[in-house]
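Accompanying notes for the structure given below.
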Amino acid sequence: MNTFNKYKIPVQGLPSGDDLYIRVIDVEGPEKGPKCYIQASMHGAEHQGNAVLYQLLNYLESNDIKGSIRIIPTANPLAINTKMGPYTFGRFNAGTGDNWNRSYYNFTENNEKVHLFAKQHLNSSESIINVEYKKLMEDLLVDQITESKYGSSQNGHLHLILQQLAINADYVLDLHTAGVATRYLYAPEYLAERSSALPFPFHLIIGDKFGGSMDEAAFITWVNLRNIFSDLGRVFNIDFESYTLELGGEERISIEEASKDLEYILKYLSHKGLTRNSETKSEYKIIKCNKKDYKSYFAKQAGLYDFIAKPGQLIKKGDLLAIGINFENYFLEESIKYEVLANEDCIVLTHYPSSSVMQGTEIYQVMEQFY
Ligand SMILES: [Zn+2]
């Protein structure tokens, strides 16, 4: 049987003297195998991942795995607890304005110890490198913590703890949601094909670059090593994988929809040898698109918006995306109503969650030139 080890780690001291904690659940299978790390709710209003982790725990109670899974629900207790009326002000640190998913550490970039490691392991097997490099990364993260003798920011402090918890993983899944959204994921360029093992319907292929998010922080360490090896004339295939999963809209959970989300994740875990092949005979259709064809529509006019095009829908060029109304137009002897039309054929991934729209608000995110 699987063994379950649960513990809490303090991540945020409060002026009242209290601490906020994250909860860690380590599930270890009876047989050795790969390690997977899954966290949810780094952005505090993005709850669905927790419903999926609840379903995953239920599954793990009665299904043995080969390897281990580290589960961290509500990975950002400060963000989920920051409420404004009924809404969760969870995307940004309310004190500093910093996005909670943009200040993870790229601690292997231009690091002399990583260069030295690559030279020492120029002829080592990939399996030895995978083991030894994780040890080095663990040390480098400790360096990162002790180096900051002036302390670290709230976001940085939490991120370092989570990066430490994820450092030994072979696979990292960061569970998010978007405004009002369908299911989709972000995969780095080097996983453009392998991402199909995680059969969410829409995949955005981003560059192998670091922009501060958890998935990028996790894979960039391996990309940095691969690039150094490449300069030294060695081809190194990265075994490690990390993805950000977008599980529908924010501010809600659906236990029922979580079953489908879990089905995709279990499909992936069985592909990696962690779980047994599921019985489902589902056919999965996956549509992918490159970062450059992932487009945002920004509101040219402020007003109240009726979002006609729904997440997951295919919209033809010239078709209606949204209708806006603004009564100032009436006083200008113009039509109160105006339309936002699609510039190109596209699939809608997300739209803004509120009908009250400022000029310049990102109202739609769509895939163009999908394949
Ligand atoms: Zn998010």
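Computed from a predicted model, the values in this text were never measured in an experiment. In each ligand, atom 1 is the first atom listed, and ligand 1 is the first ligand listed.
Not one N or O on the side chain of Ser41 forms a donor-acceptor pair closer than 3.5 Å with the backbone of Gly44.
Nearest N/O/S atom of His176 with respect to the Zn ion (ligand 1) is recorded as ND1. Minimum-distance N/O/S atom of His43 relative to the Zn ion (ligand 1): ND1.
In this structure, Lys8 satisfies the cation-pi test against Tyr21, with its NZ or CZ atom closer than 6.0 Å to the six-membered ring centre and inside 45 degrees of the ring normal. Figure legend: Arg226 and Phe236 shown without cation-pi pairing, the cationic atom not lying both under 6.0 angstrom from the six-membered ring centre and within 45 degrees of its axis.
In this structure, CG in Leu274 is found 12.0 Å from CG in Asp64, a value given to the nearest 0.5 Å.
At least one N, O or S atom of Glu46, from either the backbone or the side chain, sits less than 2.8 Å from the Zn ion (ligand 1).
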